[in-house]
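Presented below is the structure to which this report refers.
Chain naming here is simple, since letters A, B, ... match the order of the sequence lines and numbering starts at 1 in each.
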Protein chains: 2
Amino acid sequence: MSTSPIRLRDVALAAGTSTKTASRVINGDARVAVDTRKRVQEAVDSLGYQVDLMARSLRKGVDDTVGIVVPTIGDPFFAKAIEEIEQMALPRGINILVASNSRDPHLERKVVDGLLARRVAGLIVTPFSTDYSFLERVSTPVVFLDRHPEGINVGAVIVDDEGSAHRIVMHLASFGHRRIALLTDGLTVKTSRLRREGYLRAMGELGFPVEVELQATGCVDAAQAEACTNHMLDLPVPPTAIFSARSETSLGVVRALHLRGRTDIAFVSFGDFATADVLNPAVTVIDHDPRVLARKAMEMLSERLDGTLPSADDFVIPVELIARGSGELPALRAAS
Amino acid sequence: MSTSPIRLRDVALAAGTSTKTASRVINGDARVAVDTRKRVQEAVDSLGYQVDLMARSLRKGVDDTVGIVVPTIGDPFFAKAIEEIEQMALPRGINILVASNSRDPHLERKVVDGLLARRVAGLIVTPFSTDYSFLERVSTPVVFLDRHPEGINVGAVIVDDEGSAHRIVMHLASFGHRRIALLTDGLTVKTSRLRREGYLRAMGELGFPVEVELQATGCVDAAQAEACTNHMLDLPVPPTAIFSARSETSLGVVRALHLRGRTDIAFVSFGDFATADVLNPAVTVIDHDPRVLARKAMEMLSERLDGTLPSADDFVIPVELIARGSGELPALRAAS
DNA sequence: CCGGTCACTGACAACGATTACCTGATGGAC
DNA sequence: GTCCATCAGGTAATCGTTGTCAGTGACCGG
């Protein structure tokens with residue numbers, strides 16, 4: 001037997017006031033007599049009244065929610081980011097709507113529109129590849145996470161993708177590697193492009209030949225990365241070092257290397273992952289922490305929600321290279 | 001410059017009809033003249049009208065959203081579950097609200113109430129430890145995921161926790177182990193209790209002594225599991241096998257074992273994890289797949305949303321033990 | 001030629017809360 | 001003893017959409 005829901009007018013009736021006064025009490029308006037306030041409070045408690053957030057949001061014009069759009073929710077990187085945002089939103093009474101663009105540019109636009117139609121208070125988006133200029137005619141505050149979007153210049157929280165990739169290559173080179181392979185997601189993804197640019201710049205500066213067969217640029221998930229790694233290891237002259245541009249792809253690389261027992265090949269991952277430090281050798285990574293990015297993104301969004309300055313500058317989170325062993329394996333003299 | 005939002009009345013005005021008729025077109029009502037429909041359609045397109053879902057939901061009494069409550073969003077197990085649910089909801093135009101109870105019983109109730117106040121169409125909940133009997137007076141359909149809640153008898157999608165745990169112990173025993181350690185989350189968590197019961201039953205049936213020092217029942221995360229494992233390994237007579245009741249704790253066990261080089265100790269994890277099959281030895285697991293659970297849960301919820309039978313029976317997903325090596329290590333004769 | 005379906009359409013109220021505006025009363029200042 | 005500021009509280013409009021119900025012609029069988 002479901003009890004009929006309690007509405008504000010029921011509370012007002014019980015407290016002997018108008019709905020307006022009851023509303024004031026609930027919203028903490030000071031202009032209510034202590035006595036009246038108490039009566040309303042009691043009515044609320046005894047009836048178990050709960051505000052209908054739907055109705056409130058309609059009236060106010062915005063919903064107390066933040067929408068999050070990521071490529072894939074199950075990716076631990078994004079899962080951690082979502083967690084961080086949710087934790088920050090909780091004390092503010094803000095709920096989180098999550099949606100994935102499923103790595104589909106067409107869907108991406110639809111998903112964002114759907115969230116806007118819901119009148120979310122703000123959005124945090126990791127763009128996949130859509131042109132986001134349509135957001136310019138929208139008043140909803142948006143912060144971009146991990147990637148700078150196309151077609152619009154607003155604030156994004158990012159890391160130095162190009163520079164960090166450059167650094168990884170330099171690191172590997174310092175251990176004698178020349179044949180350094182690159183695995184990235186599709187190049188429609190901005191971070192993939194930037195990391196590849198850093199790779200190419202470093203290779204160029206070092207005077208190393210850049211070979212097409214050492215670049216796998218379409219690894220969308222761990223399985224594909226594993227396949228690509230296997231393919232590279234089967235080359236007549238295989239790479240002596242591998243640079244995986246994403247933690248998801250790193251899982252595939254790790255699987256390929258370990259199942260083949262090729263733990264002699266140097267390996268650096270852009271992004272940490274769960275068992276990276278217990279593998280043998282432990283995996284050297286760029287500490288690309290989703291929580292830190294997410295926290296900053298939510299801070300920026302909060303400022304905009306509070307109407308503070310809408311500084312559209314990007315915020316660059318510093319990252320570090322954590323040497324654990326796999327990235328410091330020396331290159332063997334002339335491969336087998 | 002943000003354009004003022006386009007409302008239905010603007011569309012109606014442009015199409016020269018009433019808002020009601022425009023509404024009919026938008027909702028695909030057949031009783032509209034072809035000609036009228038076309039005019040409205042054009043107005044919608046040229047103005048770029050989007051339904052205000054907030055208003056629609058208020059009118060309809062329910063929001064096209066499904067709320068998900070899990071202990072921690074960042075846990076890969078739940079992240080995968082959320083992903084699966086979101087993927088299934090997408091084609092139905094349903095959005096997903098995620099919330100975590102942060103493993104806090106007090107918060108848990110508040111979080112669920114908050115979602116209900118938002119008038120979600122349905123809820124999928126992994127209960128932590130709250131008494132959920134309060135849901136009986138609520139008409140919102142709810143499905144429980146992975147754990148059966150306290151105080152209420154509704155449908156839950158679960159696995160055979162007790163039986164699977166029993167099976168793990170039997171498996172380890174068949175390789176000669178007697179000193180089998182158990183690591184679980186707090187016992188307020190139902191799954192932890194059940195898995196421990198299975199462990200105890202098996203130990204009893206085998207006639208093995210059940211020692212308190214071999215049971216760590218408060219490992220909430222990987223770090224604590226690691227500490228507990230280390231503690232056990234330092235016992236005068238350490239365990240020869242470890243049963244970790246959760247994939248999150250398994251990560252801690254793996255770290256402890258590998259950092260100490262004690263890969264001679266048998267190990268089985270209740271729940272798979274990312275690099276379980278590439279570790280050396282590869283980790284034997286119970287294949288406790290969040291996606292399968294989530295899919296079934298969403299199916300059950302969909303049925304209820306469609307008003308179909310509200311069968312309140314639990315649905316038990318079968319699981320398998322995947323032997324990969326770590327669970328098949330033989331017990332050494334009389335430990336050092 | 002009339003009553004009766006049928007297809008289509010619109011006016012209006014309602015969803016439940018908030019806000020703009022207004023009313024009375026009280027009280028202090030002059 | 002007026003008068004205005006302030007306080008407590010109420011009334012009605014409003015947010016944008018959809019359900020209810022009524023109304024208009026057109027068409028049909030009798």
## Note on the structure
Sequence neighbours excluded, the answer for side chain to side chain contact (heavy atoms under 4.5 Å, CB included) partners of A:Arg193 is A:Glu150, A:Leu187, A:Lys190
Any protein N or O atoms within reach of nucleotides 23-26 of chain D? Criterion: under 3.5 Å, listing atom names and distances.
none

### Summary
Contacts satisfying salt bridge (Lys or Arg N to Asp or Glu O under 4.0 Å) that involve residues 53-72 of chain A (not counting sequence neighbours) are A:Asp63-B:Arg118
#### Entry: OP1 or OP2 of C:dT9 under 4.0 Å from side-chain N/O of B:Ser18
no
Could you list all N or O pairs between the protein and nucleotides 24-27 of chain C that sit under 3.5 Å apart?
none

### Message
Suppose we screen for salt bridge (charged side-chain N to carboxylate O under 4.0 Å, His left out). Which residues come up paired with B:Asp45, at least two apart in sequence or across chains?
### Response
none
### Task
Starting from the C-alpha separation in whole Å, work towards a yes-or-no answer on salt bridge (Lys or Arg N to Asp or Glu O under 4.0 Å) for B:Asp35 and B:Lys38.
CA-CA 5 Å; B:Asp35 175 53; B:Lys38 217 184 77 185; 5.7 Å; no
### Summary
Rounded to whole Å, CG of B:Leu13 lies from P of C:dG10 at a distance of 12 Å
### Task
Keeping to residues at least two apart or across chains, list the ring-ring contact (aromatic ring centres under 6.0 Å, His included) pairs with something in residues 58-101 of chain B.
B:Phe77-B:His288
### Task
To the nearest Å, give me how far apart CG (A:Asp63) and P (C:dT18) are.
13 Å
### Message
Just to verify, which of B:Ile96, B:Ile73, B:Ile82, B:Ile85 counts as forming a side-chain contact (heavy atoms from CB on, under 4.5 Å) with A:Ile73?
### Response
B:Ile82
### Task
Could you state the atom-to-atom distance from CG of B:Asp29 to C1' of D:dC21 in whole Å?
15 Å
Under 3.5 Å, N/O pairs linking protein and nucleotides 16-18 of chain D:
| unit_1 | atom_1 | unit_2 | atom_2 | d |
| --- | --- | --- | --- | --- |
| D:dG16 | OP2 | B:Arg7 | NH1 | 3.4 |
| D:dT17 | OP1 | B:Tyr49 | OH | 2.2 |
| D:dT17 | OP1 | B:Asp52 | N | 3.3 |
| D:dT17 | OP2 | B:Leu8 | N | 2.6 |
| D:dT18 | OP1 | B:Asn27 | OD1 | 3.4 |
| D:dT18 | OP1 | B:Asn27 | ND2 | 3.2 |
| D:dT18 | OP1 | B:Arg56 | NE | 2.8 |
| D:dT18 | OP1 | B:Arg56 | NH2 | 3.1 |
| D:dT18 | OP2 | B:Ser23 | OG | 2.7 |
| D:dT18 | O2 | B:Arg59 | NH1 | 2.2 |

### Task
For B:Ala79, enumerate each residue passing the side chain to side chain contact (heavy atoms under 4.5 Å, CB included) test, keeping only those at least two apart in sequence or located in another chain.
A:Ala79
### Message
Suppose the criterion is side-chain hydrogen bond (donor to acceptor under 3.5 Å, both in side chains): which pairs have a residue in residues 67-82 of chain B, not counting sequence neighbours?
### Response
none
### Query
Partners of A:Val189 by side chain to side chain contact (heavy atoms under 4.5 Å, CB included), sequence neighbours excluded?
A:Phe128, A:Arg147, A:Asp185, A:Thr191, A:Ser192
### Message
Checking B:Ser102 now: which residues fulfil side chain to side chain contact (heavy atoms under 4.5 Å, CB included) with it, not counting sequence neighbours?
### Response
A:Gln87, A:Leu90, B:Ser100, B:Leu107
### Query
In whole Å, what is the span from the CG atom of A:Asp64 to the P atom of D:dC15?
20 Å
### Query
Can you find a side chain N or O atom of B:Ser57 that sits less than 4.0 Å from OP1 or OP2 on C:dC15?
no
### Message
Once salt bridge (charged side-chain N to carboxylate O under 4.0 Å, His left out) is applied, do any residues pair with B:Arg92, and if so which ones, sequence neighbours excluded?
### Response
B:Asp306
